[in-house]
Asker: 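Mind looking over this structure? Questions follow.
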Amino acid sequence: MAKTFTEKVYEVTRKIPKGSTLTYKEVARKAGNPKAVRAVGTILSKNFNPEIPCHRVIRSDGKMGGYNRGGIDVKMKILKSEQNG
DNA sequence: TAGTTGACCGGAA
DNA sequence: ATTCCGGCCAACT
């Protein structure tokens, strides 16, 4: 199979259940490179695919990194909307 | 091909 | 708690 790290990152991010959030480190870990957290940020930042809930990926501090589809403000609102209702 | 950049992480001051 | 530094990886120039 030998899927590229980028492909795995997209799949993992796409498989994140609603109402749940994963850290960049977790995504990188599931993708196969727990040390490529920087790359995950770079990859997701270039990702403009609505099928990928990149807003469910946050920093290990519990804070957020960024969002290419609206901004931190929208990202926060989406997470709250999915968690609470 | 080499160098720089970035939605990061962990440790130290 | 905040700020600064080194390390790692993929994408971009």
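First the proteins, then the strands, lettered A, B, ... as listed; each starts at 1. All values derive from a computational prediction rather than experimental measurement.
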Asker: The side chain of A:Asp61 lies closest to which of these nucleotides: B:dG6, B:dC9, B:dA7?
Answerer: B:dC9
Asker: Write down the distance between NZ (A:Lys35) and P (C:dC9), rounded to a whole number of angstrom.
Answerer: 5 Å
Asker: Given atom CG of A:Asn33 and atom C1' of B:dC8, what is their separation to the nearest angstrom?
Answerer: 14 Å
Asker: Heavy atoms only, 4.0 Å cut-off, all strands: where does A:Gly65 land among base, sugar-phosphate and nothing?
Answerer: sugar-phosphate
Asker: What nucleotide among C:dC9, C:dC12, B:dC9 has an atom nearest to a side-chain atom of A:Lys46?
Answerer: C:dC12
Asker: Rounded to the nearest Å, what distance is computed from the CD atom of residue A:Glu7 to the P atom of nucleotide C:dA11?
Answerer: 10 Å
Asker: Between P on B:dC9 and CG on A:Leu44, what's the gap in Å once rounded to a whole number?
Answerer: 12 Å
Asker: Carefully, step by step, assess A:Glu82 and A:Arg56 under the rule side-chain contact (heavy atoms from CB on, under 4.5 Å).
Answerer: CA-CA 10 Å; A:Glu82 289 188 347; A:Arg56 292 184 190 154; 2.8 Å; yes
Asker: Would you confirm whether A:Ser45, through its side chain, and A:Thr42, through its main-chain N or O, come within 3.5 Å as a donor-acceptor pair?
Answerer: yes
Asker: Just to be sure I understand the rule, does A:Ala36 reach a base, reach only the sugar-phosphate, or reach nothing, if contact means heavy atoms closer than 4.0 Å?
Answerer: sugar-phosphate
Asker: Determine, for A:Lys15 against A:Glu11, whether the closest basic-nitrogen to carboxylate-oxygen distance falls under 4.0 angstrom.
Answerer: yes
Asker: Compare the minimum distances between each of C:dA11, C:dC9, B:dC9 and the side chain of A:Arg59, then state the nucleotide with the smallest one.
Answerer: B:dC9
Asker: Nearest whole Å is fine: how far is B:dC8 C1' from A:Arg29 CZ?
Answerer: 16 Å
Asker: When all nucleic acid strands are considered with a 4.0 Å heavy-atom cut-off, which category describes A:Ser45: base, sugar-phosphate, or nothing?
Answerer: base
Asker: Can you check the A:Glu26 CD to B:dC8 C1' distance for me, whole Å?
Answerer: 14 Å
Asker: Under 4.0 Å between a Lys/Arg side-chain N and an Asp/Glu carboxylate O for A:Asp61 and A:Lys63?
Answerer: no
Asker: Using a cut-off of 4.0 Å on non-hydrogen atoms, how would the nucleic acid contact of A:Thr6 be classed: base, sugar-phosphate, or nothing?
Answerer: sugar-phosphate
Asker: Is there a donor and acceptor pair closer than 3.5 Å between the side chain of A:Arg38 and the base of C:dC9?
Answerer: no
Asker: Roughly how many Å is it from NZ in A:Lys63 to P in B:dC9, rounded to a whole number?
Answerer: 11 Å
Asker: Under a 3.5 Å distance rule, please check whether A:Asn68 uses its side chain to pair with a backbone N or O of A:Asn47 as donor and acceptor.
Answerer: yes
Asker: Can you tell me the distance, in whole Å, between the CD1 atom of A:Ile43 and the C1' atom of C:dC8?
Answerer: 13 Å
